[in-house]
Student: 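If you scroll down you'll find the structure; I have some questions about it.
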Amino acid sequence: MAEDTVPVFDTLAVIGPGLIGSSVLRRAQAEGNLARKIIAVDKSPDVCARVAELGIADEVTTDAAAAAAQADCVMLCVPVGAMGAVAAQVVPAMKPGAVLTDVGSTKVSVIEAISPSLRADVPYVPTHPMAGTEFSGPDAGLADLFENRWCLITPLDCTTAEALEKVRTLWERCGARLREMTPAHHDRVCAIVSHLPHLLAFTICGTADDLASETRSEVLDFAASGFRDFTRIAASDPIMWRDIFLSNREALLEMLGRFMEDAQAMARAIRWEDSDYIVDRIERGRAIRKSLIENKQA
């Protein structure tokens, strides 16, 4: 049997089969080389029933501890605000040597929440696959969601080399590109490339919604592509993004402050007809877009 067809884990338990979790389940099912057995876990019986209907897991259960007791890897795919509570349920049940990992969009706060539950014989590998859509739930998953997208890994001092290599292999087999960094650096990077854009999208849509009724109806009738792009982002899950904003508030507020200064500078340029400044900012934006396309991230 070729080495890349041997499953990374014997049994993988995915806790929280939402967009990310169900995409992992679909990839595991499609490729067959992530795990020999796949268990999906959710506290909602309705979600479990839907996962069973979709047929994207070998076993579906609401009992997180029972699933963790079987698993060689437990992947936490719950909202960042729930990571600590779920870890407290599953870590005590895990087998010695089994790997704990998570997919949280913030890392410092998630690591802090999970740390009280950690065991010396259960290695922990924090990750963040930077892929997604505005949709949520088990029906939203895509087997190719992570293809050519970045998965950021923030190993800790206690993360073993063996566990790190297994988790790296799992994400490589999901199609992801990998980068390692510290948790604090991760949070600052994601504050500008992910969290701030979402905050701006929610805010712009809120501003449009607060306009006088006649103007608001015209906004909805005549929405151009720029506004439509914001509404796509703003359709994202509100509870998930509330948790992300609060969990990464220091880095997010820092980036928001810098953005507000730049927005004020652009306002001054428009007020005083500073064409050179305006053109420079637009050209820099175009250059970033070109770089994203060249880097296969757009």
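Just so you know, these numbers use all the heavy atoms, side chains as well, and skip hydrogens, waters and symmetry mates.
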Student: Evaluate the criterion side chain to side chain contact (heavy atoms under 4.5 Å, CB included) for residue pair Trp150 and His128; output intermediate values, then yes/no.
Tutor: CA-CA 8 Å; Trp150 287 105; His128 174 203; over 6 Å; no
Student: Where is the tightest heavy-atom contact between Thr127 and Cys151, given as atom of each residue plus distance?
Tutor: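 Looking at all heavy atoms of both residues, the shortest contact is CB-SG, 4.0 Å.
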Student: Not counting sequence neighbours, which residues clear side chain to side chain contact (heavy atoms under 4.5 Å, CB included) with Ile192? List them please.
Tutor: Leu196, Met255
Student: Could you see if Ile20 belongs to whatever hydrophobic cluster contains Trp241? Use Ile, Leu, Val, Met, Phe, Trp, Tyr and a side-chain cutoff under 4.5 Å.
Tutor: no
Student: Under the side chain to side chain contact (heavy atoms under 4.5 Å, CB included) test, which residues partner Arg119, sequence neighbours left out?
Tutor: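 By the side chain to side chain contact (heavy atoms under 4.5 Å, CB included) rule, Arg119 matches Val91, Met94, Pro96, Asp121, Val122.
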Student: Sequence neighbours left out, what passes ring pair (Phe, Tyr, Trp, His ring centres under 6.0 Å) with Phe146? Give chain and number order.
Tutor: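 With sequence neighbours excluded, Phe146 shows a ring pair (Phe, Tyr, Trp, His ring centres under 6.0 Å) to Trp171, given in chain and number order.
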Student: Are Ser22 and Val51 packed together at the side-chain level, in the sense that at least one heavy-atom pair is separated by less than 4.5 angstrom?
Tutor: no
Student: Once side-chain hydrogen bond (donor to acceptor under 3.5 Å, both in side chains) is applied, do any residues pair with Glu172, and if so which ones, sequence neighbours excluded?
Tutor: none
Student: Does the side chain of Thr154 come within less than 4.5 Å of Ile111's, by heavy atoms?
Tutor: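 Yes, close enough: below the 4.5 Å cut-off.
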Student: For Arg249, check side-chain hydrogen bond (donor to acceptor under 3.5 Å, both in side chains) against everything at least two apart and list the hits.
Tutor: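 So Arg249 forms no side-chain hydrogen bond (donor to acceptor under 3.5 Å, both in side chains) with any residue.
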Student: Has Asp187 got a side-chain atom pairing as donor or acceptor with Lys107's backbone, closer than 3.5 angstrom?
Tutor: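 Checked: pair present.
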Student: Who else is in the cluster with Ile278 when I, L, V, M, F, W and Y are joined by side-chain contacts under 4.5 Å?
Tutor: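 Taking Ile, Leu, Val, Met, Phe, Trp and Tyr as members, Ile278 shares its hydrophobic cluster with Met266, Ile270, Tyr277, Ile282.
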Student: Could you see if Val24 belongs to whatever hydrophobic cluster contains Ile15? Use Ile, Leu, Val, Met, Phe, Trp, Tyr and a side-chain cutoff under 4.5 Å.
Tutor: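 Cluster IDs for Val24 and Ile15 differ.
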Student: Salt bridge check: are Asp262 and Arg258 linked by an N-O gap of less than 4.0 Å?
Tutor: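 Salt bridge flag = no for Arg258 with Asp262.
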Student: Tell me the closest heavy-atom pair linking Ala88 and Ser117, and the distance in Å.
Tutor: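 Here Ala88 and Ser117 meet closest at CA-OG, 3.3 Å.
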Student: For Val279, give me all partners under side chain to side chain contact (heavy atoms under 4.5 Å, CB included), at least two apart in sequence or on another chain.
Tutor: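 Partners of Val279 under the side chain to side chain contact (heavy atoms under 4.5 Å, CB included) test: Glu283.
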Student: Can you tell me how far the CD atom of Glu147 sits from the SG atom of Cys174, to the nearest 0.5 Å?
Tutor: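 These two atoms lie 9.0 Å from each other.
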Student: Rounded to the nearest 0.5 Å, how far does CE of Met83 lie from CG of Asp243?
Tutor: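 The CG atom of Asp243 sits 10.0 Å away from the CE atom of Met83.
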Student: Enumerate, atom names and distances included, each donor-acceptor pair closer than 3.5 Å involving a side-chain atom of residues 160-169, sequence neighbours excluded.
Tutor:
unit_1 : atom_1 : unit_2 : atom_2 : d
Thr160 : OG1    : Ala163 : N      : 3.2
Arg168 : NH1    : Glu180 : OE2    : 2.9
Thr169 : OG1    : Glu165 : O      : 2.8

Student: Say whether Val90 and Val47 are linked into one hydrophobic cluster, either directly or through other cluster members, by side-chain heavy-atom distances under 4.5 angstrom.
Tutor: no
Student: How about Val99 and Pro123: do any of their side-chain heavy atoms sit closer than 4.5 Å?
Tutor: yes
Student: Hydrophobic cluster membership, with links at side-chain heavy-atom distances under 4.5 Å among I/L/V/M/F/W/Y: are Val78 and Val74 in one?
Tutor: yes
Student: Do Leu76 and Ile114 have side-chain heavy atoms sitting under 4.5 Å apart?
Tutor: yes
Student: Go through the steps to decide whether Arg268 and Asp274 satisfy the test side chain to side chain contact (heavy atoms under 4.5 Å, CB included), and finish with yes or no.
Tutor: CA-CA 8 Å; Arg268 287 193 296 271; Asp274 186 346; over 6 Å; no
Student: Using the rule that two of Ile, Leu, Val, Met, Phe, Trp, Tyr join whenever any of their side-chain heavy atoms come within less than 4.5 Å, decide whether Met75 and Leu156 are in one cluster.
Tutor: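 In one cluster: no.
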Student: Taking side chain as C-beta onward, heavy atoms only, is Ile244 less than 4.5 Å from Met240?
Tutor: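 Ile244 reaches Met240 side chain to side chain.
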Student: Taking all non-hydrogen atoms of both residues into account, name the closest pair between Ser23 and Gly141 and its distance.
Tutor: OG-CA, 3.2 Å
Student: Using atom types as modelled, flag every donor-acceptor pair under 3.5 Å from a side chain in residues 54-67 to any protein atom, sequence neighbours excluded.
Tutor:
unit_1 : atom_1 : unit_2 : atom_2 : d
Asp58  : OD2    : Ile38  : N      : 2.8
Glu59  : OE1    : Lys37  : NZ     : 3.0
Glu59  : OE2    : Gln70  : NE2    : 3.3
Thr61  : OG1    : Asp63  : N      : 2.9
Asp63  : OD1    : Ala65  : N      : 3.3
Asp63  : OD1    : Ala66  : N      : 3.0

Student: Does the side chain to side chain contact (heavy atoms under 4.5 Å, CB included) test come out yes or no for Ser247 and Val110, once each step is laid out?
Tutor: CA-CA 8 Å; Ser247 296; Val110 166; 6.0 Å; no
Student: So, using side-chain hydrogen bond (donor to acceptor under 3.5 Å, both in side chains) as the criterion, who are the partners of Asp42 when residues are at least two apart?
Tutor: none
Student: What distance separates Ile204 CD1 from Leu199 CG, expressed to the nearest 0.5 Å?
Tutor: 10.0 Å
Student: Any side-chain heavy-atom pair from Met130 and Val193 closer than 4.5 angstrom?
Tutor: yes
Student: Between atom CZ of Arg27 and atom CG of Leu145, what is the distance when rounded to the nearest 0.5 Å?
Tutor: 10.0 Å
Student: Give me the atom names and distance for the closest heavy-atom approach of Ala191 to Pro197.
Tutor: O-CD, 4.3 Å
Student: About how many Å separate SG of Cys190 and CG of Leu152, when rounded to the nearest 0.5 Å?
Tutor: 5.5 Å
Student: Quick one: does Asp72's side chain get under 4.5 Å of Lys95's, heavy atoms only?
Tutor: yes
Student: Using side chain to side chain contact (heavy atoms under 4.5 Å, CB included) as the criterion, list what pairs up with Asn33, not counting sequence neighbours.
Tutor: Glu31, Arg173
Student: How many angstroms lie between atom CG of Asp102 and atom SG of Cys77, to the nearest 0.5 angstrom?
Tutor: 8.5 Å
Student: If I compare all heavy atoms of Leu19 with all of Ser136, which pair ends up nearest, and what's the gap?
Tutor: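 Nearest pair, atom of Leu19 first, then Ser136: CB-CA, 4.5 Å.
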Student: Only counting residues at least two apart or in another chain, list the ones meeting side-chain hydrogen bond (donor to acceptor under 3.5 Å, both in side chains) with Arg50.
Tutor: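 Per chain and number, Arg50 pairs via side-chain hydrogen bond (donor to acceptor under 3.5 Å, both in side chains) with Glu53, Asp139.
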Student: Do Thr101 and Leu170 have side-chain heavy atoms sitting under 4.5 Å apart?
Tutor: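 Answer no - side chains too far apart.
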Student: For the pair Thr159 (side chain) and Tyr124 (backbone), establish whether a donor and an acceptor sit closer than 3.5 Å, ignoring hydrogens and angles.
Tutor: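 Checked: pair present.
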